[in-house]
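Everything below concerns the one structure shown next.
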Amino acid sequence: MKIHSTTPILRIFDEAKAKEFYVDFLGFKVDWDHRFEPSLPLYLQVSRDGCILHLSEHHGDCCPGSAIRIEVDGIDELHAELTSKQFKYARPTLDDTPWGSRDMSVKDPFGNRLTFTTAIST
């Protein structure tokens, strides 16, 4: 038996806002998208390096306001990259936690919290 990686599904409500946040700000790329018909909800996959996320406008797929943690190498570089963009809706900060990680959290336009994290002690 072997358990493989997980792919979180995050609820979105607006394709343009989702792409502005995930692609333009966070630097993910759209791998594919799907609609059953042009007027029906969007489902898409975005990725950056080894991180894959699914974003869904479908009502029953997931709840808005979810929280996920994404492990990263080079969190200081990621922080510098994001803050240099002067994104209108997010100015993330770095926090060293009491449990030994350095974290940077951002909320997407739909209330989902993404915490990028790296261990700074064991």
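Residue indices begin at 1 and follow the sequence shown. What you see is a predicted model, and the numbers here were worked out from it, not measured in a lab.
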Inspect the surroundings of CD in E71 and state if more than 12 heavy atoms from other residues, nucleotides or ligands are less than 6.0 Å away.
no
Just wondering, more than 12 heavy atoms not from R91 lying within 6.0 Å of its CZ?
yes
If we only count heavy atoms from C-beta on, is the [X] to [Y] side-chain gap below 4.5 Å?
X    : Y    : result
F116 : S105 : no
I68  : T115 : no
L78  : M104 : yes
V46  : D31  : no
D33  : L55  : no

Residue pair T117 / D103, side-chain donor-acceptor N/O under 3.5 Å:
yes
For the residue pair Y43 and H54, confirm or rule out a side-chain donor-acceptor distance under 3.5 Å.
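Yes - a donor-acceptor pair under 3.5 Å links their side chains.
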Regarding E57 and R35, does a basic nitrogen lie under 4.0 Å from an acidic carboxylate oxygen?
yes
Are L26 and I70 connected in a single hydrophobic cluster, I mean Ile/Leu/Val/Met/Phe/Trp/Tyr linked by side-chain heavy atoms less than 4.5 Å apart?
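Per the 4.5 Å side-chain linkage, I70 and L26 are co-clustered.
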Identify whether I52 and I12 are in the same connected component of the hydrophobic contact network (ILVMFWY, side-chain heavy atoms under 4.5 Å).
no
In terms of ring plane angle, is the pair F21 and F25 parallel, tilted or perpendicular, where the classes change at 30° and 60°?
tilted
Which one of T118, D96, T97 satisfies the side-chain hydrogen bond (donor to acceptor under 3.5 Å, both in side chains) criterion with R102?
D96
